[in-house]
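Data block below; observations after.
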Amino acid sequence: MKKTIKIYAAIRLISLAFMGIVYAAQGHEDFIDEVTDHRHIMVVPTNTIEDEFKQNTPSQFSPSTNFKEQNKHPVRVLSLGGGGARGVGSAEILCVLEAYIYRATGKKLHEFFDVIVGTSTGGIQAIGLGMGLPATELRDLYQTETRQIFKQNGWGQWLFGGIWGPTYSTNGLRETIEKHMGHKTLSEVKTHVAVTVYDDRNERAHLLTNQMPGEGPIDYARTDLPAGNLNIIDAAEATAAAPTYFAKKIISEGDFLGNQNSSSAAHHYVDGGITANDPAALAKTFAQRLLKKGAFDEFYSNEIQLVSIGTGHEDPIVFNDNAGIFGFGSPGNIPSYFMNGAEAAVHALLAEEMQEGENYFHVQFSLPHKIPLDTVDEKVLNLVVQRAHAATETDYFNKMVEVLCEKSISEILNFSAQNKVPQLLRTQTPLEPMIPIKRGQFIEVAA
């Protein structure tokens with residue numbers, strides 16, 4: 001019996017030694033045998049399950065791909081430009097966009113977009129969306145409240161407004177915001193919201209954000225100002241304080257800190273359109289800073305998708321180099337000339353940097369003539385709505401919806417038709433946004 005065991009042990013040792021020489025030459029790793037306390041060469045099959053997975057898996061699903069990463073979605077950013085009463089046009093575009101998004105995802109705009117930034121009238125819309133208002137209410141606000149917003153305080157302002165002092169009182173704007181959005185603070189909005197303002201005394205552009213201030217004084221050298229304690233009415237007044245139209249908005253550090261008893265220095269803000277009538281670049285940078293701060297959870301990627309919506313533009317203002325200040329057609333066109341150039345620069349930058357049509361979309365519409373920012377004419381407002389709605393019937397808009405919702409337009413419409421959510425209509429009124437199904441038919445999309 002002992003002889004048999006010795007022979008078996010000798011054969012085992014010889015075989016292990018031989019296997020060690022062979023596999024060592026092939027570069028295999030070794031391991032410690034816990035039973036015999038000997039070091040052995042690890043025998044690995046020539047073709048493992050992992051190797052077969054590598055060979056049979058398409059390149060886009062390579063083992064190096066983080067499968068969890070594929071399920072993440074980008075930070076979605078909505079940028080809303082300035083334009084006074086012409087904001088009824090951008091509100092109409094928001095109505096159609098919200099209808100598509102709601103049909104596709106079941107979300108409203110404040111639930112779908114992670115960051116909303118606006119300038120002037122776009123700032124008011126950003127706050128309204130952040131408070132959970134549907135886009136249709138914002139659009140209807142322009143139809144019913146423009147006379148209230150552009151209201152003059154007595155005959156003196158009617159006679160001398162715009163020459164000595166602002167053209168309009170801010171009382172109408174304050175009453176309108178409180179009526180539709182309440183008397184709340186920016187910290188109560190339902191997503192990340194910021195509005196643009198300009199400090200002309202210090203020549204600084206700022207974003208009044210819904211973030212809360214930390215301990216200690218506020219750093220006014222920064223672009224983002226933590227205005228979570230600020231009342232939304234004050235924020236709306238500040239971003240919409242267009243020179244000659246409304247008075248500057250004075251906000252103290254006590255207002256930012258939520259300490260009304262503070263005697264800190266006051267800051268004077270005017271309409272953010274002075275520096276960023278198209279706030280898309282500021283919106284992108286704000287979203288990037290939020291990403292760095294870890295403001296979004298693990299379901300977000302580091303990618304940013306940005307949608308910028310304008311309030312319409314007239315035919316280009318062309319400078320006649322032989323006519324001095326009247327080379328602009330009128331001296332009154334000079335501000336628009338410079339602002340249009342600045343907006344063109346923002347669009348060119350983002351279109352190249354973010355690849356327009358993939359991560360960046362700019363929805364704008366044409367106007368047949370110059371429309372005053374303070375118009376209260378119902379026919380003119382209806383015209384703006386019609387022109388804006390036409391921008392939602394383009395291939396460009398459809399592609400934007402498909403990229404955002406990750407569904408084709410036909411899938412979204414078929415889903416709506418199958419669930420019998422909308423009502424089929426054969427006519428289209430200016431103030432009821434419709435999504436075309438086919439020629440002569442529309443589905444109502446008002447949420």
Side-chain angles (χ1 to χ4, degrees), residues 80-87 90 117-127 142 146-154 156-174 176-177 194-208 220 223 225 227 230 233-252 255 266-279 282 310-314 317 325 328-346 370-376:
L80 302 169
R86 296 188 333 198
S90 53
V117 176
T119 287
S120 195
T121 192
I124 295 173
Q125 292 173 356
I127 294 171
Y142 290 92
T146 48
R147 291 186 183 277
Q148 173 72 6
I149 293 172
F150 297 110
K151 183 174 68 174
Q152 293 177 317
N153 190 11
Q157 192 170 47
W158 176 81
L159 188 62
F160 299 108
I163 301 174
W164 286 289
T167 306
Y168 303 105
S169 165
T170 56
N171 292 339
L173 176 60
R174 294 184 65 87
T176 299
I177 299 300
V195 300
T196 65
V197 294
Y198 179 58
D199 180 349
D200 59 357
R201 295 190 177 189
N202 296 299
E203 296 184 318
R204 289 193 178 120
H206 290 296
L207 289 176
L208 303 182
Y220 293 97
T223 302
L225 296 183
L230 198 64
I233 300 174
D234 293 327
E237 276 191 82
T239 191
T244 76
Y245 289 91
F246 294 108
K248 283 185 177 182
K249 180 62 181 177
I250 301 175
I251 300 176
S252 70
D255 296 322
H267 300 270
H268 300 251
Y269 296 115
V270 296
D271 193 310
I274 298 299
T275 57
N277 202 54
D278 177 359
L282 287 177
T311 61
H313 62 81
E314 308 94 6
I317 300 171
I325 63 171
F328 294 93
S330 163
N333 288 332
I334 295 176
S336 295
Y337 186 81
F338 285 98
M339 290 176 66
N340 292 347
E343 290 183 36
V346 170
K370 186 173 182 178
I371 293 178
L373 304 184
D374 57 348
T375 184
V376 296

Rounded to the nearest 0.5 Å, how far apart are [atom1] of [X] and [atom2] of [Y]?
| X | Y | atom1 | atom2 | answer |
| --- | --- | --- | --- | --- |
| Ile124 | Ile149 | CD1 | CD1 | 6.0 Å |
| Thr275 | His206 | OG1 | NE2 | 10.0 Å |
| Tyr142 | Thr375 | OH | OG1 | 13.5 Å |
| Leu230 | Leu225 | CG | CG | 10.0 Å |
| Glu237 | Ile233 | CD | CD1 | 8.0 Å |
| Asp199 | His267 | CG | NE2 | 7.5 Å |

- Task: Could you please spell out the steps behind the side-chain contact (heavy atoms from CB on, under 4.5 Å) verdict for Asn202 and Tyr220?
- Result: CA-CA 10 Å; Asn202 296 299; Tyr220 293 97; over 6 Å; no
[X] and [Y]: which non-hydrogen atoms are nearest, and at how many Å?
| X | Y | value |
| --- | --- | --- |
| Gly172 | Thr176 | O-OG1, 2.8 Å |
| Asp271 | Tyr198 | O-CB, 4.0 Å |
| Ala238 | Leu208 | CB-CD1, 4.2 Å |
| Pro166 | Ala247 | CB-N, 3.7 Å |
| Ala126 | Gly118 | CB-N, 3.9 Å |
| Gly273 | Thr196 | N-OG1, 4.5 Å |

- May I have the step-by-step check of side-chain contact (heavy atoms from CB on, under 4.5 Å) for Arg204 and Thr223, ending in yes or no? CA-CA 8 Å; Arg204 289 193 178 120; Thr223 302; over 6 Å; no
- With the side chain counted from C-beta on, respond yes when Asp234 and Arg174 share a heavy-atom pair under 4.5 Å apart, and no when they do not.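 Of all side-chain heavy-atom pairs linking Arg174 with Asp234, at least one is under 4.5 Å.
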Using a 3.5 Å distance criterion without hydrogens, assess whether the side chain of [X] forms a donor-acceptor pair with backbone atoms of [Y].
| X | Y | answer |
| --- | --- | --- |
| Thr121 | Gly84 | yes |
| Thr311 | Gly82 | yes |
| Ser120 | Ala240 | no |

- Under the side-chain contact (heavy atoms from CB on, under 4.5 Å) criterion, do Lys248 and Asp200 qualify, and how do the steps go? CA-CA 10 Å; Lys248 283 185 177 182; Asp200 59 357; 3.0 Å; yes
- Return the orientation label for the Tyr168 and Phe246 ring planes: parallel under 30°, perpendicular over 60°, tilted otherwise.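 The arrangement is tilted - the two ring planes meet at 30° to 60°.
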- Message: Gln125 and side chain to side chain contact (heavy atoms under 4.5 Å, CB included): which single residue from Leu80, Val195, Thr119 fits?
- Response: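 Between Gln125 and the candidates, side chain to side chain contact (heavy atoms under 4.5 Å, CB included) is satisfied uniquely by Leu80.
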- Task: Go through the steps for Leu207 and Val117 under the test side-chain contact (heavy atoms from CB on, under 4.5 Å), then give the verdict.
- Result: CA-CA 9 Å; Leu207 289 176; Val117 176; 4.0 Å; yes
